[in-house]
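The structure under discussion appears below in the form of structure tokens.
The structure displayed is predicted, hence computed values, not measured ones. By convention in this document, chain letters (A, B, ...) are assigned in the order of the sequence lines, proteins followed by strands, and residues within each chain are numbered from 1.
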Amino acid sequence: MTDPKDTINIENVVASTGIGQELDLQSVAMDLEGADYDPEQFPGLVYRTQNPKSAALIFRSGKIVCTGAKSTDDVHESLRIVFDKLRELQIQVNEDPEIVVQNIVTSADLGRNLNLNAIAIGLGLENIEYEPEQFPGLVYRLDDPEVVALLFGSGKLVITGGKKPEDAEHAVDKIVSRLEDLGLLE
Amino acid sequence: RLRKWQERIRTKDAGERNLQFALSEIDRMASALGVPRSVREVASVIYRRALKEDLIRGRSIEGVATSALYAACRKEGIPRSLEEISEVSRVERKEIGRTYRYISQELGLEMRPVDPKKYVPRFCSELELSEEVQTKANEIIEKTAEEGLLSGKSPTGYAAAAIYAASLLCNEKKTQREVADVAQVTEVTIRNRYQEQIEAMGIHG
DNA sequence: ACGTTACTTTTCAAAGC
DNA sequence: GCTTTAAAAAGTAACGT
């Protein structure tokens with residue numbers, strides 16, 4: 001009788017911020033160890049942090065995207081490292097740049113197998129996308145919270161598109177009660 | 001004013017030429033796949049609806065035409081896999097799949113997942129397997145799908161495994177390679193689905 | 001027949017083509 | 001629309017051994 005909510009795990013957090021200063025990415029790429037910069041391929045410079053593990057995309061405008069962190073705390077820690085690295089290169093970085101979480105990817109487990117065919121019909125074909133020839137997961141878009149859920153035959157699921165950890169909890173609650181109402185859980 | 005008239009005629013002609021091209025492509029692909037005329041008609045209707053709803057913007061005419069045909073085959077109960085469809089189209093499989101999902105969603109086609117049993121007659125006939133094998137394969141699909149084994153699995157691989165198992169049970173053995181070739185899946189997929197299916201059926205193979 | 005790697009889906013920001 | 005980055009889910013595929 002494990003509450004599916006207790007199985008929720010944050011797998012990835014995407015956030016954006018900015019140092020409030022324009023950057024010469026060419027010189028940052030020269031001085032910053034481990035930086036990947038190929039403007040022909042992508043306008044952002046890629047810098048990876050090891051602890052916590054994440055990847056930062058640094059742009060000419062001074063805006064930065066951080067992805068790969070496992071929590072919002074890790075996002076802040078990763079970006080603190082990036083800010084300090086830039087300061088070491090004599091680049092002015094704002095005191096406490098505002099960090100906005102843009103997306104949180106979560107996984108969870110409903111604890112029992114799912115009959116995706118029955119769920120597709122039950123939730124309504126107009127509300128879902130299920131094309132097992134192309135992808136094994138059933139795509140279910142929720143309005144509140146505004147997230148997208150991927151349901152698998154194993155009962156495991158992925159919740160993405162949320163901006164706060166509670167979004168995933170609410171989504172799992174709604175999915176569980178919806179499936180229970182339809183008699184499709186257990 | 002005369003220029004506007006000419007432009008309208010030019011646009012109208014271009015539009016009609018595009019529609020004619022799309023319909024002739026649907027016809028060409030349908031012939032190559034050997035599907036009945038009714039499927040081409042359903043595909044034409046879907047294409048015209050997509051055109052009317054302005055779903056072709058930002059997409060290729062061929063991509064929408066191919067996806068309309070793929071959807072029509074499924075709606076008519078004689079599905080062709082994306083792999084098979086892409087062989088007669090110049091549009092790649094991935095693009096056909098995503099365009100199909102888009103028009104299906106936008107037109108509210110409410111397509112049901114493909115039933116693997118729909119592939120059994122065609123695959124078995126290509127393998128020259130008897131009616132008995134087909135019936136057995138359908139039985140295997142029916143029973144194991146009820147137990148939830150079908151969730152997330154590709155219909156062609158599922159059908160292929162059931163046909164392989166049925167051919168063994170009916171002493172009309174086909175190799176995994178032979179079945180894999182007609183279903184256009186790998187032997188690995190047949191092996192994996194086959195193991196699950198015979199276990200669920202309580203067969204010893 | 002293994003094992004490994006890699007691709008499919010969803011989400012999001014960034015700047016530029 | 002595309003490009004890049006990360007991550008999970010499970011299925012399928014293509015390598016090499």
note = In whole angstroms, the gap separating P of D:dG11 from CG of B:L150 amounts to 11 Å
task = Would you jot down, in residue-number order, the residues of residues 79-100 of chain A having a non-hydrogen atom under 4.0 Å from DNA chain C?
result = none
message = Measuring to OP1 and OP2 of D:dG11, would you say a side-chain N or O of B:R193 lies under 4.0 angstrom away?
response = no
key: Nearest-angstrom distance, C1' atom, C:dG3 to D:dA8   = 22 Å
query = Near DNA chain C, under 4.0 Å by heavy atom, which residues of residues 102-110 of chain A?
reply = A:Q102, A:N103, A:V105
ask   = Stepwise, does the salt bridge (charged side-chain N to carboxylate O under 4.0 Å, His left out) test hold for B:R101 with A:E131?
value = CA-CA 8 Å; B:R101 286 187 336 248; A:E131 291 294 331; over 6 Å; no
request  = Would you kindly give the NZ-to-P distance between A:K63 and D:dT4, to the nearest whole Å?
outcome  = 22 Å
A:L57 CG to C:dC12 P, straight-line distance once rounded to whole Å = 16 Å
message = Is any side-chain heavy atom of B:E178 closer than 4.5 Å to one of B:Y164?
response = no
ask   = Which nucleotide, D:dA14, C:dA15, C:dT9, lies nearest any side-chain atom of A:F135?
value = C:dT9
query = Should B:T186 be listed as having a side-chain N or O under 4.0 Å from OP1 or OP2 of D:dT12?
reply = no
request  = Report yes if a side-chain nitrogen or oxygen of A:R60 is closer than 4.0 Å to either non-bridging phosphate oxygen (OP1 or OP2) of C:dG16; otherwise report no.
outcome  = yes
ask   = Under 4.0 Å between a side-chain N/O of A:S16 and OP1 or OP2 of C:dA14, yes or no?
value = no
ask   = Closer than 4.0 Å, any side-chain N/O of B:R101 to the OP1 or OP2 of C:dT10?
value = yes
inquiry  = Any heavy-atom pair between the side chains of A:L151 and A:Y130 that's under 4.5 Å?
reply    = no
inquiry  = If you count heavy atoms of other groups shown closer than 6.0 angstrom to CD of A:E126, is the number above 12?
reply    = yes
key: Rounded distance (Å) that lies between atom C1' of D:dA7 and atom CG of A:L150   = 12 Å
key: Of the listed nucleotides D:dA6, D:dA13, D:dT3, the one nearest the side chain of A:P43   = D:dT3
key: Touch class at under 4.0 angstrom, heavy-atom based, for A:V14 against every strand present   = base
task = Check the pair A:R141, A:E129 against salt bridge (charged side-chain N to carboxylate O under 4.0 Å, His left out), reporting the backbone distance first and the verdict last.
result = CA-CA 9 Å; A:R141 287 162 208 280; A:E129 267 190 72; 3.7 Å; yes
query = Any side-chain heavy atom of B:V179 sitting closer than 4.5 Å to one from B:S167?
reply = no
request  = For A:S54, answer base if it contacts any base atom (sugar-phosphate contacts may also be present), sugar-phosphate if it contacts only those atoms, and nothing otherwise; contact means non-hydrogen atoms under 4.0 Å.
outcome  = nothing
remark   = Atom NZ of A:K53 and atom P of D:dA7 are separated, to the nearest Å, by 4 Å
key: Rounded distance in Å - CD (A:E131) to P (C:dT9)   = 12 Å
key: Side chain to side chain, A:S54 and A:V75, heavy atoms closer than 4.5 Å   = no
task = Work out which heavy atom in A:P97 is nearest to a heavy atom in A:T17; give both atom names and the distance.
result = CB-OG1, 3.4 Å
inquiry  = Once you apply a heavy-atom cut-off of 4.0 Å, does A:G137 come out as touching a base, just sugar-phosphate, or nothing?
reply    = nothing
message = To the nearest 0.5 Å, what is the distance between CD on B:E132 and SG on B:C170?
response = 4.0 Å
request  = To the nearest Å, give me how far apart CG (A:D38) and P (C:dG16) are.
outcome  = 15 Å
ask   = When we call it a touch if two heavy atoms are under 4.0 Å apart, what does B:V185 touch: a base, just sugar-phosphate, or nothing?
value = sugar-phosphate
query = In whole angstrom, what separates B:R191's CZ from D:dA13's C1'?
reply = 13 Å
DNA chain C: 5'-proximal contact among A:Q134 and A:G161 (nearest heavy atom) = A:Q134
task = Please tell me which of B:G152 and B:R59 maps to the more 5' nucleotide of DNA chain D, matching each residue to the nucleotide holding its nearest heavy atom.
result = B:R59
N or O in side chain of B:R98 less than 4.0 angstrom from C:dT8 OP1/OP2 = no
remark   = Out of D:dA9, D:dT4, D:dA6, minimum distance to the side chain of A:N12 belongs to D:dA6
task = Under 4.0 Å between any heavy atoms, over every strand shown, what does B:R57 touch: base, sugar-phosphate, or nothing? Just pick one.
result = nothing
key: Whole-angstrom distance between C:dT8 and D:dC2, as gauged at atom P   = 12 Å
remark   = Sequence neighbours excluded, the answer for side-chain contact (heavy atoms from CB on, under 4.5 Å) partners of A:D24 is A:Q26, A:S27
request  = Provide the distance between the two P atoms, one in C:dC2 and one in D:dA9, to the nearest whole Å.
outcome  = 23 Å
note = Looking only at C:dT8, C:dA15, D:dA10, the nucleotide nearest the A:F152 side chain is D:dA10
query = Ignoring hydrogens and angles, are the base of C:dT11 and the side chain of A:T160 linked by a donor-acceptor pair under 3.5 Å?
reply = yes
Touch class at under 4.0 angstrom, heavy-atom based, for B:Q184 against every strand present = sugar-phosphate
task = Counting heavy atoms from C-beta on, name the nucleotide in C:dG16, D:dA10, C:dT11 closest to the side chain of A:R141.
result = C:dT11
ask   = Of all heavy-atom pairs between A:F152 and A:L157, which one has the smallest distance, and what is that distance?
value = CD1-CA, 4.3 Å
query = To the side chain of A:S61, which of C:dA15, D:dA8, D:dA6 is closest?
reply = C:dA15
ask   = Going through the checks in order, is the side chain to side chain contact (heavy atoms under 4.5 Å, CB included) test met by A:I91 and A:L23?
value = CA-CA 8 Å; A:I91 293 166; A:L23 291 168; 3.6 Å; yes
